[in-house]
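Notes follow once the structure below has been shown.
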Amino acid sequence: MWKNKNVWILLIGEFIAGLGLWLGIIGNLEFMQEKVPSDFLKSVLLASGLLAGLAVGPLAGKITDQANKKTVMLVSGFTRALSVVFMLIAIYTGSVLWMVVFLVSIQISAAFYFPALQAAIPMVVKESELLQMNGVHMNVATLSRILGTALAGILLVIISLSMLYVLSLVAYLALFVMTWFLTIDENEESHVKTQGSKPKAAGFKEVFPVIKGLPIVFMTLVMTLIPLLFIGGFNLMVINISELQDSSAIKGWIYTAEGIAFMTGAFAVKKIGENVSPYKILFTFSFVIGIAQMLLYFATSPVMSVLAFTVFGFSVGCFFPTAATIFQTRIPKEFHGRFFSFRNMLDRLIFQVVLLLTGLLLDLVGLQIMTVLFGCLSLVMTGLFYSKYRQLRTTALSEQAS
């Protein structure tokens, strides 16, 4: 896998783009802190971009299945770079409206780019290398998040906000240039094209019967809700833990521990996957995520707080590459674009719901009771889906025997 130039292009491109993304995110927060006094209005502004991404999701999936994946990545990558210009205008004019244009345009481009990227990965590596590739890819994204946020904090002290976005623009342009050098061998069958006929990828809704016909894919899709229960309110929980312990330093320890544990898990899952089936990995770490949530009942203890986020980070580092591999191998390639677009939309929607629910529960019952409730829900869901998986496996073995 490491001799494949496409792998290096995707990983280096992801790292560079991740740095640009997190420079921009920190820049967004800095700009809103200056221009938008209301926290609620800040959340509305951020939600406007996410809603735009949701709105174009069906079209993005349809186009990704019909068009060349590299072309989709190039066009969306160029659009993402162009969107930074809108933010530079916002800084120059002091206009929040231009910032909304920036948020909407960058989320729309992301709605096209990420399904195309997920659909392209199985085309550049062998099926046996998918789990390793997904793990390394997520590690690179995590590393860029850690370094990007740290770099943005340092740069804001020594350079202007507009220069921070210029660096973000440079990163996106670098990704655009690197994407040109990708060599993706897209089999004609993956587009299901024949002479005198149109591509099969005619409608976004066609992906739903495919998901319904693959129970393990449906279960995996629903089970992604379990880590999202934790991720959706991640920042709110960290702030709450900091207040419970009356410590600002604990935030840094939690983010660092979770990031390092995630990277360790994403590397370890390749080794684990050599001896354990992906489905056992999925159910095991889904269960462990539920335990990690319940550990936050002891959130007043700095050691237990860091331990809970460390366990969660390692588990998610194993969970997400495994889930991505199941999707990439079980879903037919002609549906990859629409499926990953649908999954992207679903993640965005769940993320918003969990974020609002976390805020509500923190006010009503507090962090400790909320995390126990979330942990119990995660454990119950894992148990129910594992029972269903065993039934499906028994049925499949019986059919093979007969």
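Worth knowing before you read on, the calculation uses all heavy atoms, side chains too, and leaves out hydrogens, waters and symmetry mates.
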task: Could you tell me whether the side chain of Ser301 and the main chain of Phe298 form a donor-acceptor pair under 3.5 Å?
output: no
- request: For Ala67 and Val72, work out which heavy atoms get closest and say how close.
  value: CB-CG2, 3.9 Å
message: Determine whether a donor-acceptor pair (N or O, by modelled atom type, separation under 3.5 Å) exists between the side chain of Lys5 and the backbone of Phe181.
response: yes
statement: The side-chain contact (heavy atoms from CB on, under 4.5 Å) partner of Thr371 among Ile369, Leu373, Leu367 is Leu367
message: Between Val311 and Phe285, is there a side-chain heavy-atom distance shorter than 4.5 Å?
response: no
query: Between CD1 of Ile91 and CG of Leu161, what distance do you get to the nearest 0.5 Å?
result: 4.0 Å
- prompt: What do you reckon, is OH of Tyr297 surrounded by more than 12 foreign heavy atoms closer than 6.0 Å?
  reply: no
task: Test the Arg343-Phe327 pair against the cation-pi criterion, namely NZ or CZ under 6.0 angstrom from the six-membered ring centroid and within 45° of the ring axis.
output: no
statement: Of all heavy-atom pairs linking Thr300 and Gln245, the shortest is O-CG, 3.6 Å
message: Can you confirm whether Leu379 sits close enough to Phe374 that some side-chain heavy atom of one is under 4.5 Å from a side-chain heavy atom of the other?
response: no
message: Could you check whether any side-chain heavy atom of Ser286 comes within less than 4.5 Å of a side-chain heavy atom of Phe319, counting everything from C-beta outward?
response: yes
- prompt: Does Phe31 reach the side chain of Met87, with side-chain heavy atoms less than 4.5 Å apart?
  reply: yes
Ser305 side chain vs Ala299 backbone, donor-acceptor pair below 3.5 Å: yes
- request: For the pair Tyr172 and Val84, evaluate side-chain contact (heavy atoms from CB on, under 4.5 Å) and give the outcome as yes or no after the intermediate values.
  value: CA-CA 9 Å; Tyr172 289 145; Val84 180; 3.6 Å; yes
task: Please round to the nearest 0.5 Å and tell me the distance separating atom CD1 of Ile211 and atom CD1 of Ile331.
output: 5.5 Å
- prompt: Do Lys70 side-chain atoms and Trp180 backbone N/O form a donor-acceptor pair below 3.5 Å?
  reply: yes
message: Is any side-chain heavy atom of Phe102 closer than 4.5 Å to one of Ile89?
response: no
message: Please report the interatomic distance CE(Met370) to CE(Met237), rounded to the nearest 0.5 Å.
response: 5.0 Å
task: Rounded to the nearest 0.5 Å, what's the gap from OH on Tyr165 to OG on Ser160? Could you check?
output: 11.5 Å
query: Are any non-hydrogen side-chain atoms of Asn240 and Leu244 less than 4.5 angstrom apart?
result: yes
- prompt: Hey, what do you get for OG (Ser168) to CE (Met163), rounding to the nearest 0.5 Å?
  reply: 12.0 Å
task: Assign the ring pair Trp98 / Phe86 to parallel, tilted or perpendicular, where the plane angle (0 to 90°) is split at 30° and 60°.
output: parallel
statement: Correct closest heavy-atom pair for Cys318 and Ile281 would be O-CG2, 4.1 Å
message: Could you check whether any side-chain N or O of Asn6 sits under 3.5 Å from a backbone N or O of Thr183, counting only pairs where one atom can act as donor and the other as acceptor?
response: yes
query: How far apart are the C-alpha atoms of Leu296 and Val372, what are their side-chain angles, what is the distance that settles it, and do they pass the side-chain contact (heavy atoms from CB on, under 4.5 Å) test?
result: CA-CA 8 Å; Leu296 284 176; Val372 169; over 6 Å; no
- prompt: If you round to the nearest 0.5 Å, how far is CE of Met381 from CD1 of Ile289?
  reply: 11.0 Å
task: Side-chain contact test, heavy atoms from C-beta onward, threshold under 4.5 Å: evaluate it for Val306 versus Glu258 and give yes or no.
output: no
field: Nearest heavy atoms of Leu214 and Pro332, plus distance in Å
entry: CD1-CD, 4.4 Å
message: Are the side chains of Ile326 and Tyr279 in contact, using a 4.5 Å heavy-atom criterion?
response: yes
task: Would you sort out whether Thr79 and Ser109 count as a side-chain hydrogen bond (donor to acceptor under 3.5 Å, both in side chains), showing the intermediate values?
output: CA-CA 6 Å; Thr79 305; Ser109 64; over 6 Å; no
message: Looking at every non-hydrogen atom in both residues, tell me the closest pair between Cys376 and Met294 and how far apart they are.
response: SG-CE, 3.9 Å
query: Between Thr329 and Thr325, does a side-chain contact (heavy atoms from CB on, under 4.5 Å) hold up when you go through it step by step?
result: CA-CA 6 Å; Thr329 54; Thr325 303; 4.3 Å; yes
Throw together a table of side-chain donor-acceptor distances under 3.5 angstrom for residues 218-231, partners on residues two or more places apart or in other chains.
{"residue": "Thr220", "atom": "OG1", "partner": "Ile216", "partner atom": "O", "Å": "2.7"}
{"residue": "Thr224", "atom": "OG1", "partner": "Leu221", "partner atom": "O", "Å": "2.5"}

query: Between Phe283 and Tyr389, how do the two ring planes meet: parallel, tilted or perpendicular, split at 30° and 60°?
result: tilted
field: Shortest non-hydrogen contact from Gly290 toward Ser378
entry: CA-CB, 3.8 Å
- prompt: Looking only at atom types and distance, does a side-chain atom of Ser76 sit under 3.5 Å from a main-chain N or O of Met73, one as donor and one as acceptor?
  reply: yes
